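Here's the structure, in structure tokens; my notes come after.
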Amino acid sequence: MNGLSYLLDTNTIMGLLKGNDEAISILSGISLPACGFSAITRMELLSYPDLAIDEE
């Protein structure tokens with residue numbers, strides 16, 4: 001096992017980046033090191049047109 005307990009999808013991560021209250025509420029109390037994302041989610045996030053350099 002790799003220690004990950006949660007797999008985040010693109011919409012959830014985008015919600016966090018945009019400060020969406022619902023996404024933040026759902027993930028509150030969850031340790032960031034316990035979360036992961038797929039290679040497909042990574043590609044989708046990196047192709048987002050308004051992605052800032054610090055968000056990469």
Side-chain angles (χ1 to χ4, degrees):
M1 295 296 294
N2 59 12
L4 297 178
S5 299
Y6 302 94
L7 181 63
L8 304 180
D9 71 348
T10 306
N11 292 330
T12 303
I13 295 172
M14 288 304 301
L16 290 173
L17 291 174
K18 290 183 175 188
N20 179 285
D21 290 333
E22 186 177 2
I24 293 168
S25 173
I26 290 170
L27 295 174
S28 65
I30 294 176
S31 172
L32 186 59
C35 298
F37 54 90
S38 71
I40 293 171
T41 295
R42 183 175 190 273
M43 290 186 316
E44 289 175 342
L45 290 170
L46 291 174
S47 69
Y48 186 69
D50 295 329
L51 188 67
I53 295 297
D54 62 324
E55 293 174 331
E56 284 184 21

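If you read the sequence from its start, that first residue is 1, and numbering goes on from there. Remember, predicted model here, so these are calculated numbers, not experimental data.
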Got a second to check how far [X]'s [atom1] is from [Y]'s [atom2], nearest 0.5 Å?
X	Y	atom1	atom2	value
Leu16	Leu32	CG	CG	9.0 Å
Lys18	Asn11	NZ	CG	9.5 Å
Thr12	Asp9	OG1	CG	3.5 Å
Met43	Thr41	CE	OG1	9.0 Å
Leu45	Phe37	CG	CZ	7.0 Å

*Ser25 and Ser28: which non-hydrogen atoms are nearest, and at how many Å?*
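Looks like O-OG, 2.9 Å.
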*For Ser38 and Leu7, work out which heavy atoms get closest and say how close.*
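Residues Ser38 and Leu7, closest heavy atoms: N-CD1, 3.9 Å.
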